[in-house]
Structures are given as C-alpha cells and as structure tokens.
Protein chains: 2
Amino acid sequence: MKVQKEKFFNFLSRKRLKNTNQRVVILEAFLRQKSHLSTEDFYRQLRKKHPGIGYATVHRTLKLFAECGIAAERNFGDGQMRFEVSREDEHHDHLVCTACSRIFEFENQQIEQLQREVAQTYNFQISDHRLELYGLCSDCRPQTTSAPQGASPANL
Amino acid sequence: MKVQKEKFFNFLSRKRLKNTNQRVVILEAFLRQKSHLSTEDFYRQLRKKHPGIGYATVHRTLKLFAECGIAAERNFGDGQMRFEVSREDEHHDHLVCTACSRIFEFENQQIEQLQREVAQTYNFQISDHRLELYGLCSDCRPQTTSAPQGASPANL
DNA sequence: TTGTATTTTGATTTCCGTTTTCAATTTCTA
DNA sequence: TAGAAATTGAAAACGGAAATCAAAATACAA
C-alpha cells in the first residue's frame, strides 16, 4: 500500500496537481477496499464515513488513480465501470459468477504465454488484454459435477 | 446462412412472435454484414437501402437475434454494443487494434482448454467467456519487432 | 505569514447510447 | 374477413459517465 501511495503523490507533484484532503481520503479508502467496486458502490461506501465528499470528486479521483497506474478499470459488461487496486507485478483475470455477481481472480501463466504467441502470429503488439470466464461459482452451480456440460442450449 | 434463418424463424414461431417485413430485411442485412458493427453503425448502413425502418426496431431485432442464438453481443469497452453473427460450432476471440479500431478474430483450442482447467480448479461452471487482446495491429505498430517491450511505461 | 494565481470541489447539468412508451399499423388465427 | 395480439417508429425516459461553473482550497512567492 505504501508503494501505491507514493506512486500517487509522485504523480500529483509531477503533474503539478494539488494534494487535497479529499484525495487522501479517497486514496486510503480505495487501497483499503478489497472487491471490484463500481464507482457508485465505492461512493456509497465512502459516504458513510465522509458524507461531505461529492460523487464527481470520487469519479475524478478514481480516474486519476487509473491514470497514474495504481488502479485498473474493469468492465464486466454490466454497464458499470469498476476499479481495482493494481499491483506493479502481477496481472490476473476474472471468473464472474452470473448468479451471485461475485468476482474471483486467477492467474495463469500458460494462458498468458499462449496469448503472446497468438499475438506474434498476427504480428500484433499487445498492450493489454482481458480474459473473463462467466458462469456459476461453486456456491451457485446446481449440484455436483457429474453431468456433461451442454445442458443449457441457449448459452454460447 | 440458411441455418441461421431457419433458426430465427423457428424461434419466432416457437415464441408466437410475428414474422414481419422489417425482421426479414434486418435479418438478411445482418447475415450479410461482415464486421463487428455497433447498433448505430448497422442502423446507418441499413438505412441507405431501407429508410423507413426505425432505430428501435433494429435494436429490438438485434436483441432477438442474440436471444435466439444467431447473434453474439460484444462489448469492447468503448461504450458501444456490437453484434456479430455467431456460428453453431466455433468460438473465437478477438484482437482489437487500439489505433485503427479494426478487430481481428482468432481461435485457440489450447487456451480454451486451459480455461476449462482453471474453471475446474475453482469448481466453476463456465457458460461463456471473453478474451480480448488490445494493442497495435501489424499496420499500426511502430516499425519492425526488434525492440524489447516496455517502452511505454504508463501502459499495463 | 500573507497575497494571489491556480487548482479543486461538489451540486448540477449535459451527454450519449440503450431501452421503454404508446398510439397507429400490421400480422396471424379462426 | 374480423378481431385479438404483436409490431412499428417517433419520441421520451433512463442510467451512468463526463463536463460545467461558481465557490473554496491549495501552493508558491514575496
């Protein structure tokens, strides 16, 4: 967390932006939150402790986080922008439960490697990627795991 | 294309929906189009030949296509919904050029297999997935390929 | 410190794509 | 062919992101 804070403050001074109370509060709340919150949800949560802070400020500050690299914007196709703390080194992908909306993270180096190979085939220079698996998490899936997949024909 | 048409008409009668002129026109235009068009772009293109058709109808009909399985909704994070013809058998993923916005398709069974393995690890029942690689296509990337990556620090 | 230029804030409005509404029209069934 | 039911298209409503703007806060120089 230290690292991220420094990174943000460096970013501010580099860009000659001002270090305000609100920004500090939002930064700390952001680094403390665990899940992939939408701006709206994050704002609502923040508001409990800091009723004075406006939505616009939260929105703008999250954008700043993304710009300076301590936040990653995520979009799981539900029309809400989500932010998560992004760590220097690691990259992860997501399992999204379509029933309970919980989001799980995973990391798989083999997949990453194959992606690089695909890109190379197309002579494509990757700057980012997204991989999401949608379905039912272990709590939400019907029962045990014996049936062969393909029971619900409408889904891709 | 025959297959998709039948599928749609079957869907209509199964749901006791009516087979209108507009739907036929939109269906044929949709099956004919190649790229990943947004509703807006598709509508504009359609309008050249069929000025009478309204946006709402196009939108609703594309949704029907998606519901009956002959279209897949795509969202590349630019705030536009896109539709593509989806074929029974194959699944593909996308390379999205961040410079020229062109979209390339690829298929990789190894990645698909690894995804299934990841899901199994989490006891997750996959119903869908999305994988997109963002970056510069061969036409848009700076030059040749000799430099080690990491020149632009701000990008993930 | 204080003065002052500059940035930031927060309430509100604007934007923009998606979705709904509703009266008029079309389709389907008996 | 009549009548019930679904569809159409124009327009309005919606929802989240982003912009606006006057008032407030900040940083820097003297």
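In the text below, chain A, chain B and the rest are named by the order of the sequence lines, each starting its count at 1. For clarity, every value in this text was computed on a predicted model and none was experimentally measured.
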* Where the side chain of A/K18 is defined as all heavy atoms beyond and including C-beta, which of D/dA6, D/dT8, D/dT26 is the nearest nucleotide? -> D/dT26
* **OP1 or OP2 of D/dA17 under 4.0 Å from side-chain N/O of A/H59** => no
* Starting at the 5' end of DNA chain D, which residue's closest nucleotide do you reach first, A/K63 or B/G52? -> B/G52
* To do: For A/R60 and D/dG16, give me the distance from atom CZ to atom C1', rounded to whole Å.
  => 16 Å
* Structure fact -> Here the distance between atom C1' of D/dC14 and atom CE of B/M81, to the nearest Å, is 15 Å
* Quick one: is A/S38 getting a side-chain N or O under 4.0 Å of the D/dG16 phosphate, OP1 or OP2? -> no
Using distance only, find each side-chain donor-acceptor pair of residues 46-53 of chain A under 3.5 Å and give its atom names and separation, not counting sequence neighbours.
residue : atom : partner : partner atom : Å
A/R47   : NE   : A/Y43   : OH           : 2.4
A/R47   : NH2  : A/Y43   : OH           : 3.2
A/R47   : NH2  : A/P51   : O            : 3.2

For residues 75-86 of chain A, run the donor-acceptor check on the side chains, cut-off 3.5 Å, and write out each pair with its distance to 0.1 Å, sequence neighbours left out.
residue : atom : partner : partner atom : Å
A/N75   : OD1  : A/G77   : N            : 2.7
A/D78   : OD1  : A/Q80   : N            : 3.1
A/D78   : OD2  : A/R82   : NH2          : 2.7
A/Q80   : NE2  : A/S38   : OG           : 3.1
A/R82   : NH1  : A/H36   : O            : 2.9
A/E84   : OE1  : A/H36   : NE2          : 2.7
A/E84   : OE1  : A/H94   : NE2          : 3.1
A/E84   : OE2  : A/R74   : NE           : 3.3
A/E84   : OE2  : A/R74   : NH2          : 3.3
A/E84   : OE2  : A/H92   : NE2          : 2.8
A/S86   : OG   : A/G69   : O            : 2.9

* Asked: Are there more than 12 heavy atoms of other residues, nucleotides or ligands under 6.0 Å from atom CD of A/Q110?
  -> no
* Using whole Å, report how far CG of A/N19 lies from P of D/dA24. => 21 Å
* Asked: Between D/dA6 atom C1' and B/R23 atom CZ, what is the distance in whole Å?
  -> 8 Å
* **Closest listed nucleotide, where the reference is the side chain of A/Q80 and the choices are D/dT8, D/dA6, D/dG16** => D/dG16
* Answer with base, sugar-phosphate or nothing: what part of the nucleic acid does A/T57 contact at a heavy-atom distance below 4.0 Å? => base
* Asked: Do the side-chain N or O atoms of B/Q22 get closer than 4.0 angstrom to the phosphate oxygens (OP1, OP2) of D/dG9?
  -> yes
* To do: Please state how far atom CD in A/E67 lies from atom P in D/dA18, giving the value in whole angstrom units.
  => 12 Å
* Which nucleotide span of DNA chain C, 5' end to 3' end, has atoms closer than 4.0 Å to non-hydrogen atoms of chain A? -> C/dT6 to C/dA11
* If you draw a 6.0 Å radius around CD in A/E105, do more than 12 non-hydrogen atoms from other residues or ligands fall strictly inside? -> yes
* Asked: NA contact type, A/Y55, heavy-atom cut-off 4.0 Å: base, sugar-phosphate, or nothing?
  -> sugar-phosphate
* Asked: Per the salt bridge (charged side-chain N to carboxylate O under 4.0 Å, His left out) rule, which among B/K7, B/R14, B/K15 passes with B/E67?
  -> B/K15
* For atom CG of B/L64 and atom P of D/dA6, their distance in whole Å -> 14 Å
* Asked: Expressed in angstrom and rounded to an integer, what is the separation of A/L62 atom CG from D/dG16 atom C1'?
  -> 14 Å
* Interatomic distance, A/R16 CZ vs D/dC28 P [rounded to whole Å] -> 8 Å
* **Other residues, nucleotides, ligands: >12 heavy atoms within 6.0 Å of A/E117 CD** => yes
